[in-house]
Amino acid sequence: MGYKVAVVGATGNVGREMLNILAERQFPVDEIVALASRRSLGTEVSFGDMTLKTKDLDTFDFTGWDIALFAIGSEPTKTYAPKAAKAGCVVIDNSSLYRYDADIPLVVPEVNPEAVEGYAKRNIIANPNCSTAQMVVALKPLHDRARIKRVVVNTYQSVSGAGKDGMDELWDQTKSIYNPVDDKPAKKFTKQIAFNVIPHIDVFMEDGSTKEEWKMVVETKKIVDKDIKLTATCVRVPVFVGHAEAINIEFEEHLDEDEARDILREAPGVMVVDKREDGGYITPVECVGDFATYISRIRQDSTIDNGLNLWCVSDNLRKGAALNAVQIAELLGNKVLKKG
Ligand SMILES: NC(=O)c1ccc[n+]([C@@H]2O[C@H](COP(=O)([O-])OP(=O)(O)OC[C@H]3O[C@@H](n4cnc5c(N)ncnc54)[C@H](OP(=O)(O)O)[C@@H]3O)[C@@H](O)[C@H]2O)c1
């Protein structure tokens, strides 16, 4: 006996990947339903060899459904996630709505799998921000060995992190640069994204940082260790899929770059590609469609005591969202629901 699974936001970037990953990992599904807004009623989406017709979330009854993977943004989640949770269906949510609630677990299965057990208070589990998810997979095994004091991270985030409208804007604007009569001014992003980079993701906070940067700080503390200090600069770049991060880490104890490389080679969810030669590192286009978080350019930072630098790349629609959500569902299945 398997699970009855609802994919909510099935027509979006993350929702489509959730369906792909459920099929790829052969999640034990007895019944599956694709849900989105009324606009998408009847839209066909793929699930393995099957084609599903999207249903209207607004009129859907979650009674009798085991797990709902949500990827619809915070506003509609406010309405529909509590409805699903109340009907007895466990919600695994990709929006930022519940991430910071003390009674809702925020889970990256390679890092804090035990937290999943806390789901029962609200029947909801939160998935972290895409840039946090890939980073903590790399930080955790290093923290276990040498205790991280401080992290300085600069992100290079793809437009798919801003949903399907973000991808369309990069595509249309790139074409319009060569055909100036077809002007495509910035709409989804705050400035031209084609052939440009934008140091601004999500809204500004009072202290001058952005909410995306704040999320990385708060989520790292909740998932890995509340004592880790972190400062981030999050930048949108004209890449369709795959986020990259340049990470500088200061440890309590000395950690040699060779030992760090060995630790990361053994770490769950991590692939080390680190040759000091042309092309001996991973870039975003190479990680698309993969499950792994790739680590390259591991090297000592000799400007501080106990410092390391590394380069971290992952498919933001996968580890940053859909894969992590499916891994949470697997964990929940194995530890708690025990079907399949
Ligand atoms: N992209 C990433 O890398 C990433 C990473 C982590 C978390 N997330 C989060 O995941 C969520 C989805 O992101 P995305 O990139 O997949 O966005 P997207 O491509 O814009 O897709 C949005 C999905 O939500 C549905 N939706 C929107 N409003 C709805 C409503 N009122 N009722 C029902 N369905 C509604 C859309 O359905 P229609 O097609 O019918 O409009 C669509 O299926 C967001 O909360 C985002 O912050 C994204």
Side-chain angles (χ1 to χ4, degrees), residues 6-21 33-46 52-60 62 68-81 83-84 91-99 106-108 124-136 155-171 187-189 201-203 211-212 215-216 219 234 236-237 239-245 284 287-289 293 313-328:
V7 174
V8 184
T11 52
N13 277 343
V14 175
R16 284 176 194 269
E17 276 303 323
M18 283 170 167
L19 288 164
N20 289 338
I21 292 170
V33 63
L35 302 170
S37 77
R38 196 161 297 152
R39 295 180 289 273
S40 305
L41 189 68
T43 300
E44 293 188 344
V45 290
S46 301
L52 309 175
K53 279 200 193 321
T54 306
K55 295 188 177 166
D56 180 7
L57 170 63
D58 196 45
T59 53
F60 186 75
F62 285 92
L69 302 173
F70 267 66
I72 57 171
S74 294
E75 269 313 302
T77 300
K78 234 181 246 172
T79 308
Y80 298 107
K83 247 173 98 176
V91 170
I92 300 172
D93 180 37
N94 271 278
S95 81
S96 58
L97 184 65
Y98 296 111
R99 288 179 194 155
L106 178 65
V107 179
V108 174
I124 299 174
I125 302 170
N127 212 47
N129 181 255
C130 41
S131 33
T132 309
Q134 69 182 67
M135 180 182 66
V136 296
T155 71
Y156 306 76
Q157 296 182 221
S158 68
V159 294
S160 57
K164 53 192 179 191
D165 293 348
M167 296 180 86
D168 290 347
E169 187 153 315
L170 174 59
W171 176 250
K187 225 161 96 191
K188 180 79 188 171
F189 300 110
I201 302 180
D202 211 331
V203 295
K211 190 148 184 215
E212 187 80 353
K215 286 176 198 166
M216 292 190 81
E219 294 178 21
C234 292
R236 189 73 73 193
V237 298
V239 167
F240 282 106
V241 178
H243 287 359
E245 296 171 345
C287 76
V288 177
T293 293
V313 175
S314 198
D315 182 330
N316 54 294
L317 299 178
R318 293 203 152 212
K319 187 59 202 167
L323 170 63
N324 199 70
V326 173
Q327 286 176 301
I328 293 173

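Fair warning: this is a prediction, and the values are worked out from it, not measured in the lab. Along the sequence shown, residues are numbered consecutively beginning with 1. Only this structure's heavy atoms are used, side chains among them; waters, hydrogens and symmetry mates stay out. Atoms within each ligand, like the ligands themselves, are counted from 1 in listed order.
Remark: N94 engages N127 in a side chain to side chain donor-acceptor pair (under 3.5 Å) (not counting sequence neighbours).
Between the side chains of S158 and N316, a donor-acceptor pair is found at a separation under 3.5 Å. Using a 3.5 Å distance cut-off with no hydrogens or angles, the side chains of T132 and E219 do pair a donor with an acceptor.
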May I have every N or O pair linking ligand 1 to the protein at under 3.5 Å, one per line with atom names and distance?
| unit_1 | atom_1 | unit_2 | atom_2 | d |
| --- | --- | --- | --- | --- |
| ligand 1 | 1 (N) | S160 | O | 3.0 |
| ligand 1 | 3 (O) | N316 | ND2 | 3.0 |
| ligand 1 | 16 (O) | N13 | N | 3.2 |
| ligand 1 | 16 (O) | V14 | N | 2.9 |
| ligand 1 | 19 (O) | N13 | N | 2.9 |
| ligand 1 | 19 (O) | K164 | N | 3.0 |
| ligand 1 | 34 (N) | S37 | N | 3.2 |
| ligand 1 | 37 (O) | T11 | OG1 | 3.3 |
| ligand 1 | 39 (O) | T11 | OG1 | 2.5 |
| ligand 1 | 39 (O) | S40 | OG | 3.1 |
| ligand 1 | 39 (O) | K164 | NZ | 2.8 |
| ligand 1 | 40 (O) | S37 | N | 3.2 |
| ligand 1 | 40 (O) | S37 | OG | 2.6 |
| ligand 1 | 40 (O) | S40 | OG | 2.4 |
| ligand 1 | 41 (O) | R39 | NE | 3.3 |
| ligand 1 | 41 (O) | R39 | NH2 | 2.8 |
| ligand 1 | 43 (O) | G9 | O | 3.2 |
| ligand 1 | 43 (O) | T11 | N | 3.4 |
| ligand 1 | 43 (O) | T11 | OG1 | 2.6 |
| ligand 1 | 43 (O) | G12 | N | 3.1 |
| ligand 1 | 45 (O) | G73 | N | 3.1 |

**Request:** In sequence, state the C-alpha distance, the side-chain angles, and the governing distance for E245 and M216, and then conclude on side-chain contact (heavy atoms from CB on, under 4.5 Å).
**Result:** CA-CA 12 Å; E245 296 171 345; M216 292 190 81; 3.8 Å; yes
**Request:** Please step through side-chain contact (heavy atoms from CB on, under 4.5 Å) for the pair L35 and F62, ending with a clear verdict.
**Result:** CA-CA 11 Å; L35 302 170; F62 285 92; 3.9 Å; yes
**Prompt:** Is there a side-chain contact (heavy atoms from CB on, under 4.5 Å) between F70 and I92 once you walk through the steps?
**Reply:** CA-CA 6 Å; F70 267 66; I92 300 172; over 6 Å; no
